[in-house]
Participant: 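This is the structure I want to talk about, given as structure tokens.
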Amino acid sequence: VRSKTLHRLSGSLIALFVVTHLANHLASLWGPEEHLRLMDALRPYYRHVLAETVLLAVIGIQLYSGIRLVLRKRKTATGFFEKLHVRTGLYLAFFFVIHLSAIMAGRHLLHLDTNLYFGAVGLNRFPLNLFFVPYYSLAILAFFGHLSAIHAQKMTTNLLGLPPGKQALAILALGFVTTFLILYGLTGYFRGLEIP
Ligand code: HEM
Ligand code: HEM
């Protein structure tokens, strides 16, 4: 199977999880209890042995096929969206490796509940936040940026009077808004979240 076909199939499954995961983080806008409650409700699905095995396997496939696409595209990528495509892919690869290692080490080695407080601690403590604010922000932006680049490449028709390039920029703008809202929620409206 070609790298691209593989990448497209596994990407769809990953995107389904990531959208749900980001919605979970957005729930913090209604307070920490809402975030914890939604995660409790979602965990039986994405942490089900079968579902989680599939998720981790397709992320492995995504990294492998993505790196192959980067190696193929790196030299020939021209223009804003093609460069964005390659760079967001590279950041996503870096982020998946670190993020999943941290989550799995927290859960299986430290035996912690990797809930809201585990995820948000780095955003709420100085000087950890100097690393974690850009680290998480770029991850959310890279996800939307990757989708924006795919849209710019595939879309051929106008939508609500907007040409494909402008639609792709709108997806990128939605990424910035989502990033801002998630950081606002996870930091207790920028006043600092109390970490038990
Ligand atoms: C959230 C995870 C990811 C999703 C949902 C995703 C999804 C996609 C999709 C649907 C395409 C379009 C494929 C096509 O042309 O039919 C694509 C292209 C691409 N992806 Fe990803 N991807 C992800 C992660 C990655 C990673 C980790 C890398 C790099 C290591 C990467 C590198 C690329 C590259 C370079 C292309 C451009 C291929 C081209 O223009 O021919 N992606 N991605
Ligand atoms: C502010 C940003 C983010 C924070 C604070 C965060 C935090 C977390 C936490 C706490 C978990 C553990 C969930 C659990 O124990 O049930 C988790 C899991 C995960 N996150 Fe994130 N995350 C963020 C963004 C992202 C992004 C942008 C992606 C992908 C592009 C991502 C991909 C994943 C994956 C694949 C898992 C593993 C799910 C599992 O198998 O349990 N995360 N994240």
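Read the numbers this way: they start at 1 and go in the same order the structure lists the ligands and their atoms.
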Participant: By the definition side-chain contact (heavy atoms from CB on, under 4.5 Å), identify the one residue from L26, N24, V18 that meets it with L22.
Facilitator: V18
Participant: Restricting to non-hydrogen atoms, name the atom on A93 and the atom on L63 that form the minimum distance, rounded to 0.1 Å.
Facilitator: CA-CD2, 3.5 Å
Participant: Measuring from L172:CG to H146:NE2, what's the distance to the nearest 0.5 Å?
Facilitator: 13.0 Å
Participant: Could you pull out the closest heavy-atom pair between N129 and L123, with the gap in Å?
Facilitator: CB-O, 3.7 Å
Participant: Heavy atoms only: which of F143, Y64, F96, Y91 is nearest to atom 2 (C) of ligand 1?
Facilitator: F96
Participant: Can you name the closest pair of heavy atoms from G145 and L84 and give their distance?
Facilitator: O-CD2, 3.5 Å
Participant: By number and element, which atoms of ligand 2 are closer than 4.0 Å to a non-hydrogen atom of I59?
Facilitator: 35 (C)
Participant: Can you name the atoms of ligand 2, numbered from 1 with element, that are less than 4.0 Å from a heavy atom of E52?
Facilitator: 39 (C), 40 (O), 41 (O)
Participant: Looking at S137 and V133, what are the two nearest heavy atoms and their distance?
Facilitator: OG-O, 2.6 Å
Participant: Please report the shortest heavy-atom distance between N158 and P163, naming the atom on each side.
Facilitator: OD1-CA, 3.3 Å
Participant: Under a 3.5 Å distance rule, please check whether S3 uses its side chain to pair with a backbone N or O of S65 as donor and acceptor.
Facilitator: no
Participant: Closer than 4.0 Å to some heavy atom of L186 - which atoms of ligand 2 meet that?
Facilitator: 1 (C), 5 (C)
Participant: For ligand 1, which atoms have a heavy atom of A93 less than 4.0 angstrom away?
Facilitator: 27 (C), 30 (C)
Participant: Using every non-hydrogen atom in the two residues, find where M104 and E52 come nearest and quote the distance to one decimal.
Facilitator: CE-OE2, 3.7 Å
Participant: Identify, by atom number and element, the atoms of ligand 2 in contact range of M39, meaning under 4.0 Å from any of its heavy atoms.
Facilitator: 13 (C), 14 (C), 16 (O)
Participant: Give the single entry among V133, T178, I103, L123 that approaches atom 11 (C) of ligand 2 most closely by any heavy atom.
Facilitator: I103
Participant: Which residue and atom name correspond to the protein heavy atom nearest atom 40 (O) of ligand 1, and how close is it?
Facilitator: Q153 NE2, 3.1 Å
Participant: If you measure every N or O of T114 against every N or O of ligand 2, does any of those distances drop under 3.5 Å?
Facilitator: yes
Participant: For atom 39 (C) of ligand 1, which protein heavy atom lies nearest, and how many Å away is it?
Facilitator: K73 CE, 3.4 Å
Participant: Of all the atoms in ligand 2, which lie at a distance below 4.0 Å from a heavy atom belonging to R107?
Facilitator: 41 (O)
Participant: Tell me: protein heavy atom nearest atom 41 (O) of ligand 1, and distance?
Facilitator: K4 CE, 2.9 Å
Participant: Under 4.0 Å from any heavy atom of R8, which atoms of ligand 1 are there?
Facilitator: 14 (C), 16 (O)
Participant: Any idea which atoms of ligand 2 are less than 4.0 Å away from a heavy-atom of N115?
Facilitator: 10 (C)
Participant: Quiz question: by atom type and distance under 3.5 Å, do the side chains of R68 and Y64 form a donor-acceptor pair?
Facilitator: yes
Participant: Determine, stepwise, if the pair T157 / M155 fulfils side chain to side chain contact (heavy atoms under 4.5 Å, CB included).
Facilitator: CA-CA 6 Å; T157 52; M155 188 67 182; 3.3 Å; yes
Participant: Please verify the inter-ring angle class for Y136 with F132; under 30° counts as parallel, over 60° as perpendicular, anything in between as tilted.
Facilitator: tilted
Participant: Could you list which atoms of ligand 2 come closer than 4.0 Å to a heavy atom of R47?
Facilitator: 14 (C), 15 (O), 16 (O)
Participant: So is L100 in contact with ligand 2, going by heavy-atom distances below 4.0 Å?
Facilitator: yes
Participant: Would you please indicate yes or no on a ring centroid separation below 6.0 angstrom for F176 and F144?
Facilitator: no
Participant: Do ligand 2 and R43 have nitrogen or oxygen atoms that lie under 3.5 Å from each other?
Facilitator: yes
Participant: Provide the full list of ring pair (Phe, Tyr, Trp, His ring centres under 6.0 Å) pairs with a residue in residues 31-52, sequence neighbours left out, each pair given once.
Facilitator: F17-Y46, H25-H35
Participant: For I67, state whether at least one heavy atom is located under 4.0 Å from any atom of ligand 1.
Facilitator: yes
Participant: Can you tell me how far OG1 of T179 sits from CG of L141, rounded to the nearest 0.5 angstrom?
Facilitator: 3.5 Å
Participant: By residue and atom, what protein N/O/S atoms are less than 2.8 Å from atom 21 (Fe) of ligand 1?
Facilitator: H7 NE2, H146 NE2
Participant: Short list, please: which atoms of ligand 1 are under 4.0 Å from a heavy atom of K154?
Facilitator: 14 (C), 15 (O), 16 (O)
Participant: Would one find an N, O or S atom of H21, in either backbone or side chain, under 2.8 Å from atom 21 (Fe) of ligand 2?
Facilitator: yes
